[in-house]
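Contents: one structure, followed by commentary.
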Amino acid sequence: MTHPRRALLSVSDKTGIDSFGAALVERGFELLSTGGTARTLQAAGLPVTKVSEVTGHPEIMEGRVKTLHPAIHGPLLARRDQAEDMAALDELGYGLIDIVAVNLYPFRETIAGGGVTLSEAMEKVDIGGPTMIRAAAKNHAHLYVAVDPEDYPRILEALDGEDDRAREGGSSFRRELAAKVFRHVSEYDHAVADFLAQTGESAAPELLPEQLSPVWTRRAPLRYGENPDQEAAFYTPAEARDRGIAGLKQLHGKELSYNNLLDLDGALLSLAPFAHSPRPAVVIVKHTTPAGIAVGRTLEVAYEAALACDPVSAFGGIVAMNRVLDAPTARRMSELFLECVVAPGYESEAYEILSAKKNLRLLGFPASAEGPEGVAAFLAGHGRDPDPRVVRGIYGGVLVQTAPTPPFFGVEDAGWKVVTQRAPTPEEAGDLAFAWAAIYGVKSNAILLARGGATLGIGAGQMSRVDASRLAVQKASDAKLGLEGSALASDAFFPFRDGVDAAAAAGVRSIIQPGGSVRDEEVIAAADEHGIAMVFTGRRLFRH
């Protein structure tokens with residue numbers, strides 16, 4: 001029996017389907033279709049055979065059942081090189097299907113805006129579509145299957161290059177299309193499973209389920225990893241391609257590296273506590289941890305203060321800010337070698353100044369981060385939007401935790417408690433609030449010294465808290481920044497009084513720390529001896 005060439009087209013995303021259908025008709029294909037896709041093809045003037053004409057059965061249950069029929073799945077699964085399969089088709093009068101173009105009901109798009117009931121979401125769970133494309137993908141040795149409109153031109157090119165009906169030359173391409181199908185279905189099923197897991201009777205979604213099912217899509221291959229002998233790529237969750245780091249828009253400069261992306265993550269993390277800051281804030285990051293942070297009357301003042309903390313480490317670093325970059329600040333920044341600059345936007349003169357540096361990477365916030373409220377929402381959500389989980393790889397597995405909430409500068413925290421005889425003055429209280437926000441992005445063990453809305457010295461990533469204190473003091477000394485009357489923040493409690501003694505000797509007058517040590521009384525007594533005001537936050541800010 002001679003089988004005419006047929007294509008089954010049934011898509012939710014109708015991008016390019018009319019031109020693809022027209023190209024197939026020109027090549028002698030009969031078009032089979034359903035519902036809205038059939039109407040789109042007919043509106044384009046194309047001849048269409050409805051699936052119901054092939055199955056001899058009408059669509060029922062408002063379209064819930066239309067393609068689940070042997071007249072469709074027999075041709076999809078028939079092996080052309082198996083005489084028994086072909087004989088079964090001939091006996092039943094079923095024609096072959098050579099091309100399948102199907103993408104699924106928009107489930108993610110339906111639930112993305114929130115406020116969707118369970119029944120509404122379930123109506124967007126596709127049944128026939130996944131069944132058809134899985135069948136076609138299983139039988140990819142004998143037909144083409146597309147779930148991505150970008151593959152339509154490639155299929156036409158492959159058809160034109162075929163040697164009669166054998167199509168042996170296209171086997172690797174058809175295998176590639178089949179792999180894309182199974183990834184597509186897997187992502188879809190994960191989205192449905194996650195929605196169901198988070199839409200139960202409990203008050204909160206299950207963030208740490210028994211089985212974790214994020215699906216990651218490769219966004220870009222990278223030149224190499226942390227070192228040139230390591231391969232690397234940047235992946236994003238399927239539902240979060242335009243949020244977080246992935247939402248940044250590169251406006252200028254060479255491509256981002258693996259280490260650039262890590263540093264950008266550290267920069268946005270460090271800037272997040274200043275999402276609601278009434279003053280411009282600037283963060284300078286080197287090797288994922290801040291080298292300087294400051295707020296100021298203007299962006300230029302904030303940059304100068306942040307740079308003053310550690311100008312040596314700032315060389316080759318990343319600068320992030322919470323305001324549109326202006327020309328005076330850009331002019332000062334142009335004097336220093338930097339890897340990346342990230343800002344909500346750029347004034348035209350500022351962009352012109354910095355884009356003169358060919359290799360400097362300039363990045364802007366996503367379009368959704370327009371205006372003060374949009375910028376604040378983007379920064380405040382860093383690490384928690386769209387997924388409130390942090391996933392980190394270790395050898396042999398991954399660690400998962402809920403994301404921390406930044407200690408927002410300018411937002412009062414009612415949980416703080418003065419534990420010393422002397423309470424901080426209003427000026428000291430402002431310095432403590434700044435220091436606590438600034439230490440959020442510093443690698444543990446962390447000690448941070450600040451005064452007047454700027455960091456003076458930062459001790460990061462030390463094995464001992466005393467060493468972190470010494471390093472912070474040394475950094476301030478190297479930068480010729482006096483510490484008299486400064487505030488100190490510690491990301492975890494002081495296990496002994498020696499850290500307080502060292503701080504007092506350096507000129508520190510106020511300390512903010514989580515508290516919770518078995519030696520808290522000893523540490524508080526040391527602060528009282530030195531006349532230091534100490535505040536407990538009741539919250540640790542480790543960043544390993």
Side-chain angles (χ1 to χ4, degrees), residues 289-294 308-310 312-313 407 416-425 427-544:
T289 201
I293 302 175
C309 179
D310 192 350
V312 174
S313 296
W416 292 6
K417 179 182 178 183
V418 177
V419 295
T420 48
Q421 296 172 5
R422 186 176 76 81
T425 66
E427 183 179 1
E428 289 171 341
D431 286 340
L432 291 174
F434 171 82
W436 188 243
I439 204 170
Y440 173 70
V442 181
K443 287 295 187 79
S444 302
N445 280 323
I447 294 290
L448 184 143
L449 300 165
R451 187 180 57 241
T455 54
L456 304 174
I458 300 174
Q462 301 304 300
M463 289 71 74
S464 159
R465 195 155 298 279
V466 174
D467 286 345
S469 300
R470 290 171 181 157
L471 180 59
V473 171
Q474 183 62 49
K475 287 285 188 179
S477 176
D478 291 345
K480 297 182 172 53
L481 298 173
L483 294 177
E484 191 61 39
S486 61
L488 179 150
S490 174
D491 66 341
F493 61 67
F494 284 97
F496 304 99
R497 66 168 289 163
D498 51 5
V500 176
D501 293 332
V508 169
R509 294 291 293 159
S510 58
I511 293 175
I512 188 166
Q513 59 136 321
S517 168
V518 295
R519 292 186 175 85
D520 273 349
E521 290 186 7
E522 176 185 322
V523 170
I524 294 169
D528 284 334
E529 288 176 23
H530 297 295
I532 290 175
M534 182 177 288
V535 171
F536 281 6
T537 66
R539 179 189 177 196
R540 192 174 70 182
L541 292 180
F542 268 171
R543 181 185 171 215
H544 280 65

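The shortest non-hydrogen separation linking Asp520 to Gly515 is OD2-C, 3.8 Å. Gly482 and Arg451 get closest at one heavy-atom pair: O-NH1, 2.8 Å. The two residues Val442 and Ala446 come nearest to each other via the heavy atoms CG1-CB, 3.5 Å. Of all heavy-atom pairs between Leu541 and Ser444, the closest is O-OG, 4.3 Å. In terms of heavy atoms, Pro290 sits closest to Gly441 at CD-O, 3.3 Å. Contact record, Ala487 with Leu432: CB-CD2, 3.8 Å, taken as the closest heavy-atom pair.
Taking a 6.0 Å sphere around CD of Glu529, one finds it holds more than 12 heavy atoms contributed by other residues, nucleotides or ligands. The local environment of CD in Glu427 is sparse, with at most 12 non-hydrogen atoms from other residues, nucleotides or ligands closer than 6.0 Å.
A donor-acceptor pair is defined here as one N or O able to donate and one able to accept, closer than 3.5 Å; no such pair exists between the side chain of Ser469 and the backbone of Gly499. Looking only at distances, no side-chain donor or acceptor of Arg519 sits under 3.5 Å from a matching main-chain atom of Phe494. No donor-acceptor distance shorter than 3.5 angstrom exists from the side chain of Thr420 to the backbone of Asp528, with no hydrogens or angles considered. With hydrogens and angles disregarded, no donor-acceptor distance shorter than 3.5 Å links the side chain of Arg540 to the backbone of Ala492. Here the side chain of Arg470 pairs no donor or acceptor atom with the backbone of Ala502 at under 3.5 angstrom.
The line from NE2 of His544 to CG of Asn445 is 7.0 Å long, rounded to the nearest 0.5 Å. Between Ile458 atom CD1 and Thr289 atom OG1 the span is 7.0 Å, to the nearest 0.5 Å. In this structure, CD on Glu522 lies 8.5 Å from CG on Asp498, to the nearest 0.5 angstrom. Atom CG in Asp431 sits 8.5 Å away from atom OG in Ser486 (nearest 0.5 Å).
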> Can you check side chain to side chain contact (heavy atoms under 4.5 Å, CB included) on Ile293 and Tyr440, steps first, answer last?
Replying inline: CA-CA 11 Å; Ile293 302 175; Tyr440 173 70; over 6 Å; no
>> Working note: Val466 + Phe496, criterion side chain to side chain contact (heavy atoms under 4.5 Å, CB included); need CA distance, chi angles, decisive distance, verdict.
In response: CA-CA 9 Å; Val466 174; Phe496 304 99; over 6 Å; no
>> Please evaluate residues Arg509 and Arg422 with respect to the criterion side chain to side chain contact (heavy atoms under 4.5 Å, CB included), reporting the C-alpha separation (whole Å), side-chain torsions for both, the decisive distance (0.1 Å), and the verdict.
In response: CA-CA 10 Å; Arg509 294 291 293 159; Arg422 186 176 76 81; 3.9 Å; yes
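Counting heavy atoms from C-beta on, the side chains of Leu471 and Ile447 never come closer than 4.5 Å. Side-chain contact between Trp436 and Leu448: absent, with no pair of heavy atoms (C-beta onward) separated by less than 4.5 Å. Residues Val523 and Ser517 fail the side-chain proximity criterion, which asks for heavy atoms closer than 4.5 Å.
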Identify each donor-acceptor pair in which a side-chain atom of residues 531-539 lies under 3.5 Å from a protein atom, sequence neighbours left out, and give them as a table.
from: Thr537; atom 1: OG1; to: Arg539; atom 2: N; distance (Å): 3.2
from: Thr537; atom 1: OG1; to: Arg539; atom 2: O; distance (Å): 3.1
from: Arg539; atom 1: NH1; to: Thr405; atom 2: O; distance (Å): 2.9
from: Arg539; atom 1: NH2; to: Thr405; atom 2: O; distance (Å): 2.3

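Checked for salt-bridge contact, Asp491 and Arg465 meet the test: a charged N lies under 4.0 Å from a carboxylate O. A salt bridge is defined here as a Lys NZ or Arg NE, NH1 or NH2 lying under 4.0 Å from an Asp or Glu carboxylate O, and Lys475 with Asp478 fails to meet this definition.
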